[in-house]
Each structure stands twice: as C-alpha cells, then as structure tokens.
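For the numbers below, each heavy atom of this structure counts, side chains included, while hydrogens, waters and symmetry mates do not. Just so it is clear, the structure is predicted and the values come from calculations on it, not from any experiment. Protein chains get the first letters and strands the later ones, always in sequence-line order, with residue 1 at the start of each.
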2 protein chains.
Amino acid sequence: MTTYDDPATLTAAEARAVFRAGTERTTAGWAHGYTQTNLIAVPEEWAYDVLLFCQRNPQACPVLDVSDPGDPGTRLAEGADLRTDLPRYRIWQNGVLSGEVSDACGMWRSDMVAFSIGCSFTFESMLAAEGVPLRHIDQGRNVAMYVTDVECEPAGRLHGPMVVSLRWIPEERVGDAIRITRAMPSVHGAPVHVGDPRTLGIGDLDRPDFGDAVDAEPGDVPVFWACGVTPQAALMASRPPFAITHAPGHMFVSDRLDSEYRVD
Amino acid sequence: MTTYDDPATLTAAEARAVFRAGTERTTAGWAHGYTQTNLIAVPEEWAYDVLLFCQRNPQACPVLDVSDPGDPGTRLAEGADLRTDLPRYRIWQNGVLSGEVSDACGMWRSDMVAFSIGCSFTFESMLAAEGVPLRHIDQGRNVAMYVTDVECEPAGRLHGPMVVSLRWIPEERVGDAIRITRAMPSVHGAPVHVGDPRTLGIGDLDRPDFGDAVDAEPGDVPVFWACGVTPQAALMASRPPFAITHAPGHMFVSDRLDSEYRVD
C-alpha cells in the first residue's frame, strides 16, 4: 500500500493506489500537476444524450475521454480502473441519489459508458503557479459549488441547471484569474460570472449545494466558474434509470498533466 | 435574389441566400469574418459513433453544433437550412460517393442528424488580419487537402485516416501562424506538422486528394493543419449506409463570427 506524507507530492498513479485501497478523501490539492476529472457513467442507451449534452454545454461539461461500453479503463491513465480508483462514488437511480460507495465494482453494469469531464482543480494549479490564492485549499476545505438558475442547453432526454464553483479572489487578481483560466477551455475556461451571486440565482454563499462553504478574506470578490458537477444536476432533473458519478470533490486523478490543457 | 460585387463583403445570410438560389462556388474568401463549417449528416442510428469520433479526434473534427434528428436547422444561424444553404453537397452510400448536388432536400431523411464541424477558413481570417499571406486565396484556388497515413482514434464503427489542409507559409511567419492558430482550438488549432510532407505519408503535394494544388512562393514552408474533411475519409473507410456532407471547400457560412472562436 502506498504511504505518503504530503498528498500533493504523490504521482497520479500513487494517488489512485491510495484511493483504490479504500481511502476516502477529497482530491483537492492531491498529486500536484496531474489533471483530475469528473466521472459520469451511464448505460450505453443514454450515452448519446450525455455526450450531446456535454457538446452543447462545453464550458460546464468539457469531455476529456469517453470509454467504450463496459470498459472501466480510460485513455487518461494507463492501467487505471474507473470503478475503484476514485475515493468516493455516488449511485443514482431514476435521478435520485441512492447511496455513496468507495468502490463501484459491485454496481458497474456491463453496458456502462464512462465520461471523464474536465475539472476546475486543473486550472487551480495554474492559478497557484501565478500566486493567485486559493482560499478553500488554504482552509482545508472542498471547493463550494452552487446550483444556478441558468438552464443548460438540453440534449435529447437530458436537461438541467448549470452548477458553478466559487473561488474568492482578491480584487486585484481577478484579471489574472480570468486570463489564466480562459486559456484552458477544456477545463471550464473563463469564469461565467464575477461578482453578485444573485445574478446566477444563488441566494446564500454560506450554504453551497455541494462541497464546503469557504471564507472570504478582506478585499475578495466572488468568482464563479462552470462546474463539472453540472451533469449530476442533469441526472437529478432528467432521471435516467441508472448512473454512477464521482462524489463532489472526490475526483479521478489522471496521468495527464494540467499543462497539457493550456492553449496559450 | 442577392446580387454582389465582392463575395468577401457579403454577410453570412447574404452568402447563404446566394447558394440557396443555386450558385455553386467554393466558399473560400466569402463573407469575411463569418465562421464557415464542414457538414456531415448521418442517420440517427450512426450519430453516436460520429459524435464520439469527433470527441476523440478534436483537432480534425471540432464539433460546433449538432442538430436534433430530422431538424435541418442549426444553432449557428437563425433561419438557415442545412439542406439548401451550402453551395454543393456530396451524397454517400455505403461509403462510396454516389453523387454531388447543389440542393440536398431530395436526399434528406427524416432521421438525419447534422454535425457542423469547425473549418480552417476560420483561422485564415485571423492569419490574414496579421498579414500572413494565404497563397490559395491569392491564386483563386481551393485549399489543398491530403489524406495522411496517420490513423484517427476509432470510435464505435467509425475509423479512418486524418486529412490535413496545406498552407504555404513564408518561413519567417511560421511562428506567427502557429501562435495564431493554437489560440483557436475549436477550429483545428495549431498545425499538426510543419515541413516534410513525407512525415504524414503525403507523396506529392502537386496531387492533393481534395481541393486544388497551390503554388509555393520562394522561401515558403509547407504547414499542415488537421482538416474537417477527415469525417469524409472516415465515411469512405467505415462505410455507413448513408451520409450527406458538404463538397470539399463548399462550406456552410454561419452567423457566428470567427473572433468568437479565439481563446487568447
């Protein structure tokens, strides 16, 4: 079993081994420099709707890989197993969360198609590299996520609201945060909103729908990015018979490097 | 009927009206600043394979829009009709080109799903804006396209080689051409190769597989970009029962602006 002092210094393969062995921890800050992804796996019969929903909502749902039916592997990491290598999974039946597990092998059907979707943790490493502070990391919390009143573009049987992640950014660094993230369109790209959360229909920042509330520092501005939890909100709204996702903040750690997703 | 002196000065809607009325011309240089797209339409039963093929080969096949089954419209242009608004179409049966038409209404099936795919004409306007010469435009020709020996990542029943477009670029402007196009990942992005065409398995630049041979100027270097004709090569290799595409160089002129697809 992999042992470690600082999860940030693990390789992606080492992090996956830790989670495969049963550790359940949010992956924020783990395996620095490696790209983390959101997971949504559905029966093949729903795969086109999911893929089209992602195509039509690329800022929230940038697809980095799609598995072949029944294949628990991914092109994003040689030898990885999407059924075991995430720290925690959510099981969905008819759009209702029916449970969380740390190993999805028992629930994985032979016709499952797994979508790996870009995650804002990727651009966080780029923000950190330029000295933009990340309050949730400093506070040891999961990022805060909110369901908005912005409807995604529907696709077939899938519809639902956009989910966003919040980062408190010092006012004088907001321009940098926009510049850095807009150069990474395959991991959510530029913020969808800066400032008043009510514009997105968010009432109370202290009560996120997913993740943890995060404290602002004086002079911080709320900055919102489209979030890879959006497909989970679509599951809740659209009620496919069965799906498996990551638990929010408990991502797949791939072998891809964050820097591979920069275009500037 | 729309009349015009210079096709570059037409709006996208005016250009579509010209083609809808029956004009068959390559769209290179038309409706300056408006994004042009490749078309591939297949029966719904093949749509997932096409969408997945595009997802797995995003540099060659960047998807800008996908229609709902049977809908000849597109989100890229209000009121447009993909069956009539391109200057020329190709009809494919079992992977064999069975004919070209200027109006696809008679061939359009009620279960057709239309994919609009990014086109290198989009980044050409950005190259031109920075003074990078475009030899094929200057010579009044269609861009030269070649089938390579690079296999695309297969998806379901779809497989085939990557097709590239060639532009002769003055050696001292190659760096600019790379910088400008890599900032446009949704319209093919950076070149896939600069220099020796044999690296891509291209034997003779004077004999393109699609489009026209284009003459180099002294000091020019051959620069190759992944090309939206790649899905047509996949049709030829994979033989789905039926498909409709644009004829190479005869694109759909959308209402989107080229500048919308820049990320820098």
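- More than 12 heavy-atom neighbours from other residues, nucleotides or ligands sit within 6.0 angstrom of NE2 on B/His193.
- Within the 3.5 Å criterion, the main-chain N or O of A/Val63 finds a donor-acceptor partner in the side chain of B/Gln55.
- When all heavy atoms of A/Tyr48 and B/Phe115 are compared, the pair lying nearest together is OH-CZ, 4.2 Å.
- Looking at A/Val50, there are no atoms closer than 4.5 Å to chain B (heavy atoms on both sides), in backbone or side chain.
- For CD of B/Glu78, the number of neighbouring non-hydrogen atoms (other residues, nucleotides, ligands) closer than 6.0 Å is 12 at most.
- Judged by distance alone, with hydrogens and angles left aside, the side-chain atoms of B/Arg75 form no donor-acceptor pair with the main-chain N or O of A/Arg56 at under 3.5 Å.
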